[in-house]
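Everything numeric in this text was worked out from a predicted model, so none of it was measured. FYI, the numbering just counts along the sequence from 1. Whatever order the structure lists them in is the order used to number ligands and atoms, beginning at 1.
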Amino acid sequence: MIVQDITISQIKRSGFSINESGILEFDQCNLVELAKKYDTPCYIFSENIIRKKCREYVNAFSGRNVDFEILYAGKAFLVKAICSILKEEGLSLDVSSGGELYTALSAGFPPDKIFFHGNNKSQEEIEFAIKEKVGTMIVDSEYELDLVSKITESLNTKTGIILRVTPGIDTHTHQYIQTGQVDSKFGISIDRVPDFMKKVLSTKNIVYKGLHCHLGSQIFDLSPYVLAVREMVKLIRKIKDLGGIDTLKLNLGGGLGAKYTRSDSPPSIENFVNLIVNNVENEVRKNNLIIPKILVEPGRSIVAEAGITLYTIGTIKEIPRIRKYLIVDGGMADNPRPILYDAKYEAVLVNKINNPPKEMVTIGGKCCESGDILIKDLNLPSTSPGDLLLVFTTGAYHYSMSSNYNRLPRPAVVLVNQGKDNVMVKRETYTDIVRNDTIPEWFK
Ligand code: LLP
């Protein structure tokens, strides 16, 4: 029992428990049984954790005297079942492609609560969104403004827009996931916005609703948000001075970090929301403006810790005095984050949860690429082929960035909730793998 307690406290994760037979459970589901039922590799999401995170955002804002809207950033992980949860929790949705939009609409998500992002939306995507009466287009460039105007005109309708602004602020995260800095492919540079506004206001069939900025992702130090709010509110003032135009909505993007390893301690959702609201209130007061509706777009902080991946260990290779590799049945195809961002993870052996750590190992994937290493230097109990490995915090940007590299079928995605389990996405089959292959007719 003491050993179990140590293990649980080492894990320091919500949603986990150890049952009477010493088996690790997630949202009260026995993980050994789930691995048998759904096979591995397999993504598993706790419905309760997703809902809890949504409510943390809602409650944090509800405790303040402001108008607000929480947009879940679909790029983190979007499948139909997630749309149903978001709808029940009263969240809105940020989509960044026609595919995400189609997913949301086919799950019955209300179009007026959808915001359409993207720095190069195609004509077809814009037409699709406008025909489906998507609530807001987040306009990323002058080119796009013209395209949206042309399309709304030809469909004889109007659309609400929010302008994406690059506020020129650096965050201190991996450069690939920073987006608010001056040198960025996203948005309209903040200095150019006042001029650009003249065009926005004179463009037909467009209704100006507000401004947006997004700084980056996996942010732990919240000080860049203070700067962003200051710059964005100054911009709102300038726009007001130019033509008396009120900016009704201020969307400050997403970016709050998640806990991957035990050394990570991201700020709480409540602190993040309070910091944003306090700063908007202060800046608005200083600039003698009315307080806009505040929007945020969290993705990772809602789903990252709600998801885990289960793998089975196969080959074990020991290179004497150098390294011991445990190779799992997945890898960079289901988790490209280590090879892309050098992302760090923690893992435990589900079926040996009470065994004390014994050896330092490296978890390798099965893809034909030397860089396909999921975790370097992990302390585990002694392992044998067939052991079940659980990697924590794989809910955001894993399934959504997965690939069929080496023609590996994508894993199943399972939702668990207080002892119940059900599939959200079926495991791909070899038939799926060749579904879109065609043989050019001159080979026949
Ligand atoms: N809004 C916009 C405009 C975004 O570009 C993003 C993320 C979000 C909201 C949500 O940010 P979050 O709350 O999830 O940090 N693939 C990378 C992360 C890329 C983030 C892209 N944009 C990763 O795996 O770390």
Side-chain angles (χ1 to χ4, degrees), residues 50 53-54 56-57 69-78 82 86 91-97 100 114-121 136-141 144 162-167 169 171-181 184-188 210-222 224-225 228 232 249-261 264 266-267 269 272-273 276 295-307 309 332 334-345 374 391 393-403:
I50 300 172
K53 299 284 182 182
C54 292
E56 280 178 36
Y57 272 101
E69 191 165 354
I70 300 151
L71 288 49
Y72 169 73
K75 52 186 79 67
F77 173 57
L78 196 72
I82 294 294
L86 298 170
L91 265 61
S92 298
L93 180 64
D94 138 17
V95 298
S96 59
S97 71
E100 286 181 4
I114 299 180
F115 292 70
F116 197 175
H117 262 289
N119 66 335
N120 189 25
K121 300 176 193 72
T136 312
M137 302 297 289
I138 307 221
V139 169
D140 196 273
S141 65
E144 189 181 312
I162 283 183
L163 286 187
R164 177 161 183 176
V165 176
T166 320
I169 291 162
T171 50
H172 308 287
T173 53
H174 193 286
Q175 85 179 77
Y176 290 1
I177 53 177
Q178 290 187 12
T179 41
Q181 73 278 20
S184 169
K185 67 170 183 162
F186 298 103
I188 302 149
L211 299 174
H212 166 277
C213 70
H214 170 74
L215 301 180
S217 202
Q218 185 59 358
I219 296 173
F220 281 29
D221 168 13
L222 298 180
Y225 288 98
M232 295 299 282
K249 296 185 183 182
L250 176 59
N251 182 338
L252 293 160
L256 180 61
K259 181 182 174 71
Y260 288 81
T261 66
D264 288 338
I269 289 173
F272 172 72
V273 169
I276 282 184
L295 280 61
V296 286
E297 281 169 355
R300 190 192 309 267
S301 51
I302 290 184
V303 287
E305 292 166 46
T309 309
M332 62 183 280
D334 60 78
N335 182 2
R337 297 190 72 259
I339 200 164
L340 276 176
Y341 317 119
D342 198 22
K344 304 283 183 273
Y345 289 85
L374 290 178
V391 176
T393 319
T394 61
Y397 305 107
H398 286 71
Y399 179 75
S400 64
M401 297 210 304
S402 63
S403 75

Practice task
Compare Ala258, Gly255, Ala76 and give the one whose heavy atom is closest to atom 13 (O) of ligand 1.
Solution key: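 Checking each option, the heavy atom nearest atom 13 (O) of ligand 1 is found in Gly255.
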
Exercise for the section: Have a look at Phe186, Tyr260, Tyr397, Tyr72 and point out the one with the heavy atom closest to atom 20 (C) of ligand 1. Expected result: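 Among Phe186, Tyr260, Tyr397, Tyr72, the closest heavy atom to atom 20 (C) of ligand 1 belongs to Tyr397.
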
Please list, in number order, the atoms of ligand 1 under 4.0 Å from a heavy atom of [X].
{"X": "Arg300", "answer": "12 (P), 13 (O), 14 (O), 18 (C), 23 (C), 25 (O)"}
{"X": "Glu297", "answer": "1 (N), 2 (C), 3 (C), 8 (C), 9 (C), 10 (C), 13 (O)"}
{"X": "Gly254", "answer": "9 (C), 13 (O)"}
{"X": "Pro298", "answer": "13 (O)"}
{"X": "Gly299", "answer": "12 (P), 13 (O), 14 (O)"}
{"X": "Ala73", "answer": "8 (C), 9 (C), 10 (C)"}
{"X": "Met401", "answer": "16 (N), 24 (O)"}

Practice task
Please report the C-alpha distance between Tyr72 and Cys54 in whole Å, then the side-chain angles of each, then the deciding distance to 0.1 Å, and finally whether the side-chain contact (heavy atoms from CB on, under 4.5 Å) criterion is met.
Solution key: CA-CA 9 Å; Tyr72 169 73; Cys54 292; over 6 Å; no

Could you tell me whether the side chain of [X] and the main chain of [Y] form a donor-acceptor pair under 3.5 Å?
{"X": "Thr393", "Y": "Lys259", "value": "yes"}
{"X": "Tyr397", "Y": "Ala304", "value": "no"}
{"X": "Ser400", "Y": "Lys75", "value": "yes"}
{"X": "Lys121", "Y": "Asn119", "value": "no"}

Exercise for the section: Please check if the distance between the ring centroids of His117 and His212 is under 6.0 Å. Expected result: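 Close enough - the centres of the two rings lie under 6.0 Å apart.
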
Practice task
Using distance alone, decide if ligand 1 has a nitrogen or oxygen within less than 3.5 Å of any nitrogen or oxygen in Arg337.
Solution key: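 Yes.
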
Handout entry: contact_flag His398 ligand 1 heavy-atom lt 4.0 Å
Key =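 The answer is no: ligand 1 sits nowhere under 4.0 Å from a heavy atom of His398.
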
Practice task
Determine whether any heavy atom of Ser301 lies closer than 4.0 Å to an atom of ligand 1.
Solution key: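 The answer is no, since Ser301 has no heavy atom less than 4.0 Å from ligand 1.
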
Handout entry: Which segment of Ile219 sits under 4.0 Å of ligand 1 when only heavy atoms are counted
Key =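 Near ligand 1, Ile219 shows nothing, with every heavy atom at 4.0 Å or more.
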
Exercise for the section: Verify side-chain contact (heavy atoms from CB on, under 4.5 Å) between Leu71 and Asn251, making sure each step is shown before the conclusion. Expected result: CA-CA 9 Å; Leu71 288 49; Asn251 182 338; 3.7 Å; yes

Handout entry: Where Pro266 and Ala258 come nearest, the two heavy atoms and their spacing
Key =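 Taking every non-hydrogen atom into account, CG-C, 3.7 Å.
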
Problem - For the student: nearest non-hydrogen atoms of Leu222 and Phe272, plus distance - result: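 That would be CD2-CD1, 3.8 Å.
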
